[in-house]
Amino acid sequence: MEVGGGGGGSDKGSYVVEEVEGDLVSIAVHPSGEDIVCSTTNGGCKLFEYGRESNAKLSARKLTPLEGVGPQKCIAFSVDGSKLATGGVDGHLRIFAWPSLRVILDEPKAHKSVHDMDFSLDSEYLVSTSTDGSARIWKTEDGYPLTTLTRKTGEDIQLCRFSKDGTKPFLFCTVQKGDKVVIAVWDISTWNRIGHKGLLKKPASIMSISKDGKYLALGSKDGDICAVDIKKMVICHWSRRLHLGTCIETLEFCPSERVVLTTSSEWGAVATKLNVPVDWKEWQIYMMLLGLFLASALAFYIFMQNSDSFWQFPERNQPGATKYKTFFGDSQSSEDPFFPVDM
């Protein structure tokens, strides 16, 4: 198996990974980019570490607490990289300190079967959803079950993602009731549901949020993707039948560009550039402000040079000019600006 690496001009190329038994179920990459945890249908998880000595190989080692635990539907690292969470097909939820693998939470009956999970931006909370439509919030420091999200009769909470912009403490979840699908929003300071909006309007298979928290993307079970401007909660990009009727299994934002990578079992990986407004870089904003300042200074200079100001009267002869005399009594022309002769 090969893992592509070294984007953006890196010389790392692709990595050769030792063969793993079984089919891949889920995968998570540590924020540092040096550790990769995989779960397979053969059961248990393996850790792949990027070898600093060699640029061409990832070495695999066993994760003792996760040996023989069965397929893990979800694996996630916390945003700060200090914790690892796994959610099993059997509903078993675990949280570990990373990299010590100290057990923080080991709950065999957290859910009927774990469907999705995500860490909050400050890594303080973990949200997990179940195939039975329920969703729970956990404190990650001690694994304490904080609350269960409220839902109306007949509603199923499915996918979940915390906001990532650092200003709005929200939790986004897809909620399905019959054929109707909406994105519901919870305020994480009170865990109250504050609203919902129908956007994709069809069953979603995957959800992701950009690293800067400005955009949310949804992948459907029939191959569509849409990107949502979180500030306005409107769709700003839609690619229909991107995977031609196949369920989208993974969806991730590129860290530095408005590009999403999607995968499906039939069509493999597809990179899609989003049709969204170009983001201004910080240096571009400063350059624009500097340009405006220089343009304003130049315009002011030109205006002053061409204006008939008090200090810039045009020179002209005045035949009837009055004669003036200085304090010393000398007769002067009109160029001596003090007192009239007849004074």
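Position 1 is the first residue of the sequence, and the numbers go up from there.
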Does a salt bridge link Glu155 with Arg193, judged by any charged N lying under 4.0 Å from a carboxylate O?
yes
Crowded around Lys180 NZ? As in, over 12 foreign heavy atoms under 6.0 Å?
no
Measure the CG-CG distance between Leu149 and Leu171 for me, rounded to the nearest 0.5 Å.
6.0 Å
Out of curiosity, Leu159 CG to Gln176 CD, how far, rounded to the nearest 0.5 Å?
10.0 Å
Grouping I, L, V, M, F, W and Y whenever their side-chain heavy atoms are under 4.5 Å apart, do Trp138 and Phe119 come out in a common cluster?
yes
For the residue pair Phe162 and Tyr125, does the interplanar ring angle fall in the parallel (under 30°), tilted (30 to 60°) or perpendicular (over 60°) class?
parallel
Just by distance, do the side chain of His30 and the backbone of Gly81 share a donor-acceptor pair under 3.5 Å?
yes
Backbone N/O of Val89 and side chain of Ser113: donor-acceptor pair under 3.5 Å
yes
Which pair of non-hydrogen atoms, one from Leu251 and one from Ala217, has the smallest distance, and what is that distance?
CD2-CB, 3.5 Å
Is it the case that the side chain of Ser39 and the backbone of Ser26 share a donor-acceptor pair, with hydrogens and angles ignored and the cut-off at 3.5 Å?
no
Heavy-atom donor-acceptor pair, Glu257 side chain to Pro255 backbone, under 3.5 Å
no
Main chain of Ile157, side chain of Arg151: is a donor-acceptor contact present, judged purely on distance under 3.5 Å?
no
Give me the atom names and distance for the closest heavy-atom approach of His243 to Ser264.
ND1-OG, 2.7 Å
Between His237 (side chain only) and Asn275 (backbone N and O only), is there a donor and an acceptor less than 3.5 Å apart?
yes
When you measure from the side chain of Lys83 to the backbone of Thr140, do you find a donor-acceptor pair of N or O atoms at a distance under 3.5 Å?
no
Are Asp35 and Arg61 within salt-bridge range, i.e. N to O under 4.0 Å?
no
Looking at Thr263 and Glu249, would you say the former's side chain and the latter's main chain have a donor-acceptor pair under 3.5 Å?
no
May I ask you to say whether Asp224 pairs ionically with Lys201, meaning some side-chain N is under 4.0 Å from a carboxylate O?
no
Look at atom CG of Asp179 and say whether more than 12 heavy atoms of other residues, nucleotides or ligands are closer to it than 6.0 Å.
no
Examine distances only and state if a side-chain atom of Ser163 and a backbone atom of Asp165 form a donor-acceptor pair shorter than 3.5 Å.
no
Over all heavy atoms of both residues, which pair between Phe77 and Ala28 is shortest? Give the atoms and the distance, please.
CE1-O, 3.8 Å
Under 3.5 Å side-chain donor-acceptor pair for Asp132 and His115:
no
Under a 3.5 Å distance rule, please check whether Ser205 uses its side chain to pair with a backbone N or O of Ile248 as donor and acceptor.
yes
For the student: nearest non-hydrogen atoms of Cys160 and Thr129, plus distance:
SG-CG2, 3.7 Å
